[in-house]
Amino acid sequence: VQLVESGGGSVQTGKSLRLSCVASRITFDDYTYAWFRQAPGKEREGLAWISTSNGRTRYADSVKGRFSISSDNAKNTVFLQMNNLKPEDTAVYYCATVWALTAEQAMGIAYGKYDYWGQGTQVTVIS
């Protein structure tokens, strides 16, 4: 199984980015997908979750209303649309997946319980 993120970069405050995560060698619909981020010196933080079998989503309070998770099941791809970016959003963003849980269930488990992770993509927001 491989998860490959893309779409990171440097942007100014208030701008948008869309991250992509392509999953390969996996039965895509059997998994729930999540986006996490980790800033230097901080804990890894879960941001958004999607059950690709039914499209249901969950969000952390820190990004609710600004970030949106979606998927294109035909392309085995999960997206994270990030709007109104702030300097505190600067971090490495990771895609992760866990088998056979709903988005709500996945939101409640530790990140160490996820089955697969991508390599991460850097997002830098300049003030």
Side-chain angles (χ1 to χ4, degrees):
V1 175
Q2 189 175 27
L3 302 179
V4 179
E5 302 100 333
S6 62
S10 295
V11 295
Q12 291 186 322
T13 298
K15 299 297 186 181
S16 300
L17 279 176
R18 189 173 83 154
L19 305 182
S20 300
C21 171
V22 179
S24 58
R25 296 189 290 275
I26 193 171
T27 304
F28 190 74
D29 292 0
D30 285 351
Y31 289 77
T32 282
Y33 294 79
W35 286 96
F36 287 77
R37 68 185 177 191
Q38 189 164 19
K42 294 190 175 181
E43 292 280 320
R44 190 164 296 194
E45 175 188 13
L47 305 173
W49 294 261
I50 185 167
S51 297
T52 51
S53 60
N54 58 24
R56 292 184 179 174
T57 60
R58 290 289 186 273
Y59 295 93
D61 289 342
S62 59
V63 301
K64 199 175 293 183
R66 294 193 301 127
F67 290 11
S68 176
I69 189 171
S70 62
S71 68
D72 183 340
N73 291 20
K75 296 183 178 180
N76 280 17
T77 302
V78 177
F79 303 98
L80 184 68
Q81 177 67 41
M82 306 186 294
N83 298 327
N84 190 23
L85 284 162
K86 305 173 182 179
E88 52 264 42
D89 294 318
T90 295
V92 178
Y93 284 69
Y94 297 93
C95 175
T97 190
V98 61
W99 182 72
L101 295 182
T102 66
E104 185 171 8
Q105 291 169 334
M107 187 179 184
I109 65 171
Y111 69 80
K113 297 293 186 181
Y114 281 73
D115 296 314
Y116 303 105
W117 289 84
Q119 81 289 351
T121 186
Q122 176 70 45
V123 171
T124 302
V125 184
I126 305 163
S127 58

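We're numbering straight along the sequence, starting at 1. All of these numbers come straight from a predicted model, not from anything done at the bench.
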Test item: side-chain donor near acceptor, S16 and N83, under 3.5 Å: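 Per modelled atom types, S16 and N83 side chains form a pair under 3.5 Å.
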Once rounded to the nearest 0.5 Å, what's the spacing between atom [atom1] of [X] and atom [atom2] of [Y]?
{"X": "T97", "Y": "D115", "atom1": "OG1", "atom2": "CG", "result": "7.0 Å"}
{"X": "Q81", "Y": "L19", "atom1": "CD", "atom2": "CG", "result": "9.0 Å"}
{"X": "Y59", "Y": "W35", "atom1": "OH", "atom2": "CH2", "result": "12.5 Å"}
{"X": "Y31", "Y": "Y114", "atom1": "OH", "atom2": "OH", "result": "13.5 Å"}
{"X": "T57", "Y": "K64", "atom1": "OG1", "atom2": "NZ", "result": "10.0 Å"}
{"X": "S68", "Y": "I50", "atom1": "OG", "atom2": "CD1", "result": "8.0 Å"}

Y111 ring center within less than 6.0 Å of Y94 ring center: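 They do not qualify: ring centres at least 6.0 Å apart.
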Mutual orientation of the aromatic rings belonging to F36 and W49 [parallel < 30°, tilted 30-60°, perpendicular > 60°]: perpendicular
Find out if a path of hydrophobic residues (ILVMFWY) with successive side-chain heavy-atom gaps under 4.5 Å connects [X] to [Y].
{"X": "W99", "Y": "L3", "answer": "yes"}
{"X": "V11", "Y": "L47", "answer": "yes"}
{"X": "Y116", "Y": "I69", "answer": "yes"}
{"X": "V92", "Y": "V78", "answer": "no"}
{"X": "L101", "Y": "F28", "answer": "no"}

Heavy-atom closest contact (T32 atom, A106 atom, distance):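 Smallest heavy-atom distance, with atoms named: CG2-CB, 3.7 Å.
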Which atom of A103 lies closest to which atom of S51, heavy atoms considered: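 Reported closest heavy-atom pair: N-OG, 2.7 Å.
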Cationic tip of R18 above F79 ring, under 6.0 Å, 45° of axis: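 Checked: cation-pi criterion met.
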Heavy-atom neighbours of E88 CD exceed 12 at 6.0 Å: yes
Neighbour count >12 (heavy atoms, 6.0 Å) for atom CD, E104: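 Atom CD in E104 is not packed in, count stays at 12 or less.
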Q122/T90 under side-chain contact (heavy atoms from CB on, under 4.5 Å): CA gap, chis, key distance, verdict: CA-CA 8 Å; Q122 176 70 45; T90 295; 4.0 Å; yes
Heavy-atom side-chain proximity of R56 to T102 below 4.5 angstrom: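 Of all side-chain heavy-atom pairs linking T102 with R56, none is under 4.5 Å.
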Min side-chain heavy-atom separation N76-S24 under 4.5 Å: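 No, every pair of side-chain atoms sits at 4.5 Å or beyond.
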Intermediate values then yes/no, side-chain contact (heavy atoms from CB on, under 4.5 Å), V1 and W117: CA-CA 9 Å; V1 175; W117 289 84; over 6 Å; no
Working for salt bridge (Lys or Arg N to Asp or Glu O under 4.0 Å), residues D89 and K86: CA-CA 5 Å; D89 294 318; K86 305 173 182 179; over 6 Å; no
Steps toward side-chain contact (heavy atoms from CB on, under 4.5 Å) verdict (Q119, E5): CA-CA 7 Å; Q119 81 289 351; E5 302 100 333; 2.8 Å; yes
Verdict with reasoning, S62 to R37, per side-chain contact (heavy atoms from CB on, under 4.5 Å): CA-CA 12 Å; S62 59; R37 68 185 177 191; 4.3 Å; yes
